[in-house]
Amino acid sequence: IPRAICTGRDLEFIHSQLKHICGHSPEPQEEQERWTIFSENGSEGYRWNPRKKDYESWFEIHWPKEPTMDTVEAFGKDKLGSQGVFLIREHTVVVRHPDWIYLSPKVTRYMSKRSHDKLKTLFHHNGWLDEFSIQDSGIGNVILPKEAGKGNAMQRWAKLMKLPLKDLLVIGDQPEPGGNDEDFISGRNGTGFTVGKTTPYIFPLPVLSEAGTRLIGPEGTTALLGQVRWGA
């Protein structure tokens, strides 16, 4: 079964994780060829090239010319003050918080949502929301071009694999409005499952154990992939 990882992390981090996963497979080479990488929240995609024995770029969504990343950072710092730590990546801007905030999960979630609301107000005021999305991961925010995003990445992958979009099984944990999996697991870009928060809608579906209890986090992801792998 072809597999993909779609995350806000950068390529270097994802590649290191896949090396670990594939290294524990009885068929490391075949395992690597199964994976497609979508990094920086779907801003870029990579596929395995057997001849080069490495992942090579398949597509990338560039940051628009205006406003520049530096402009966004300057406006954002003015809006968030000392509570916003800005990390400029190749295609996205990540907004974190000072380290002490992460000592409390409850405070972290509160500050992440608060920053999301402030950033969205800022972008709306400056007329930037037509070009950008602001997504809340629960531990920080990601600012990315509208053409990027995990949902759009799944649309591109379905076309590449020549599969109906509904045949893609997608798993995430932040489906709430503004969450970084909202479009990804909403049912619009694949058949969505949640291993985190739930919504009042049909999708995303919960992951259930054999006893009918809801599974969350890595336990839910592992259980669901196991069911797909063995055809359960």
Side-chain angles (χ1 to χ4, degrees), residues 1-9 11 13-14 17-18 21-22 25 30-48 55 58-61 92 116 133-139 142 144-232:
I1 300 173
R3 301 165 193 160
I5 183 168
C6 191
T7 174
R9 304 278 190 154
L11 176 65
F13 176 85
I14 302 169
Q17 298 301 302
L18 282 183
I21 292 170
C22 297
S25 169
E30 289 79 359
E31 184 69 18
Q32 282 186 314
E33 293 176 7
R34 290 188 184 102
W35 286 92
T36 301
I37 293 174
F38 298 101
S39 61
E40 294 195 49
N41 277 47
S43 294
E44 52 187 349
Y46 294 86
R47 299 187 65 209
W48 180 257
Y55 290 95
W58 162 36
F59 77 87
E60 60 179 322
I61 307 298
T92 61
H116 178 266
S133 296
I134 304 167
Q135 299 178 355
D136 180 8
S137 69
I139 59 173
V142 180
L144 63 154
K146 268 275 177 70
E147 289 183 50
K150 297 179 180 180
N152 289 336
M154 291 303 96
Q155 293 182 27
R156 293 183 175 93
W157 197 40
K159 289 180 180 178
L160 176 73
M161 304 303 294
K162 298 180 180 179
L163 290 171
L165 193 56
K166 67 178 178 61
D167 286 356
L168 300 187
L169 183 151
V170 289
I171 313 167
D173 62 359
Q174 297 286 341
E176 71 281 6
N180 71 344
D181 293 327
E182 179 184 7
D183 189 43
F184 183 49
I185 57 177
S186 64
R188 297 189 295 271
N189 295 301
T191 300
F193 286 82
T194 178
V195 291
K197 296 181 180 179
T198 57
T199 72
Y201 308 108
I202 294 175
F203 291 102
L205 300 166
V207 179
L208 303 177
S209 68
E210 292 183 1
T213 57
R214 197 165 80 86
L215 301 176
I216 62 174
E219 182 184 8
T221 301
T222 301
L224 185 59
L225 293 179
Q227 291 169 15
V228 172
R229 181 184 181 118
W230 300 113

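None of the values given here were measured: they were computed from a predicted structure.
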_Let's go through F193 and I185 carefully: what are the C-alpha distance in whole Å and the side-chain angles of both, what is the deciding distance for side-chain contact (heavy atoms from CB on, under 4.5 Å) to 0.1 Å, and is it a yes or a no?_
CA-CA 6 Å; F193 286 82; I185 57 177; over 6 Å; no
Problem set entry | Residue pair R156, F59: steps toward the side-chain contact (heavy atoms from CB on, under 4.5 Å) verdict | CA-CA 9 Å; R156 293 183 175 93; F59 77 87; 3.8 Å; yes
Checking W157 against T36 for the side-chain contact (heavy atoms from CB on, under 4.5 Å) test, could you report, in this order, the C-alpha distance in whole Å, the side-chain angles of both residues, the deciding distance, and whether it holds? CA-CA 9 Å; W157 197 40; T36 301; 3.2 Å; yes
**Q.** Evaluation steps, side-chain contact (heavy atoms from CB on, under 4.5 Å), between I134 and H116
**A.** CA-CA 7 Å; I134 304 167; H116 178 266; 3.8 Å; yes
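Residues meeting the side-chain hydrogen bond (donor to acceptor under 3.5 Å, both in side chains) test with Q17, sequence neighbours left out: none. With sequence neighbours left out, the ring pair (Phe, Tyr, Trp, His ring centres under 6.0 Å) criterion links Y46 to no other residue. In this structure W48 satisfies the ring pair (Phe, Tyr, Trp, His ring centres under 6.0 Å) test together with Y55, sequence neighbours excluded. Among residues two or more places apart in sequence or in another chain, the salt bridge (charged side-chain N to carboxylate O under 4.0 Å, His left out) test is passed with E176 by K197. Every residue two or more places apart in sequence or in another chain was checked for a salt bridge (charged side-chain N to carboxylate O under 4.0 Å, His left out) with K166, and none qualifies. By the side-chain hydrogen bond (donor to acceptor under 3.5 Å, both in side chains) test, E60 is found to be paired with H91, residues two or more places apart in sequence or in another chain being considered.
Closest approach of M154 and L165 over heavy atoms only: O-CD1, 3.7 Å. When all heavy atoms of L215 and E219 are compared, the pair lying nearest together is CD2-OE2, 3.6 Å. Nearest approach of I171 to T221, heavy atoms of both residues: CG2-OG1, 4.0 Å. Nearest heavy-atom pair across L168 and A158 is CD1-CB, 3.9 Å. Shortest non-hydrogen contact noted between W35 and L18 is CD2-CD2, 3.6 Å. Of all non-hydrogen atoms in G190 and V170, the two that sit nearest each other are C-CG2, 4.2 Å.
Heavy atoms of other residues, nucleotides or ligands lying less than 6.0 angstrom from CZ of R47 number 12 at most. Other residues, nucleotides and ligands contribute at most 12 non-hydrogen atoms within 6.0 Å of the CD1 atom of I216. Shown here is E210, whose CD atom has no more than 12 heavy atoms of other residues, nucleotides or ligands within 6.0 Å.
Between atom CG of residue N180 and atom SG of residue C6 there is a gap of 9.0 Å, rounded to the nearest 0.5 Å. Once rounded to the nearest 0.5 Å, the distance linking CD1 of I14 with OG of S39 reads 5.0 Å. Taken from CD in Q32 to CD1 in I21, the straight-line distance is 10.5 Å, to the nearest 0.5 Å. Atom OG in S25 sits 7.5 Å away from atom CD in E30 (nearest 0.5 Å). Taking CG of D173 as the reference point, atom OG of S137 lies at 9.0 Å (rounded to 0.5 Å). Note that the CG atom of L225 and the CD1 atom of I1 stand 8.5 Å from one another [nearest 0.5 Å].
Side chains of N189 and D183: a donor-acceptor N/O pair is present below 3.5 angstrom, by distance only. Side-chain contact annotation: T194 with T198, donor-acceptor N/O pair under 3.5 Å absent. Between the side chains of D136 and Q174, not a single donor N or O lies within less than 3.5 Å of an accepting N or O.
Within the 4.5 Å cutoff, the side chain of R214 has heavy atoms near those of the P206 side chain. Inter-residue side-chain proximity for L160 and W58 is flagged as met; some heavy-atom pair is nearer than 4.5 Å.
The only option from R9, K150, Q135 that meets the side-chain hydrogen bond (donor to acceptor under 3.5 Å, both in side chains) definition with N41 turns out to be Q135.
In terms of modelled atom types and a separation under 3.5 Å, the side chain of N152 and the main chain of A148 share a donor-acceptor contact. Side-chain atoms of T213 never come within 3.5 Å of backbone atoms of S209 as a donor-acceptor pair (strictly under, hydrogens ignored).
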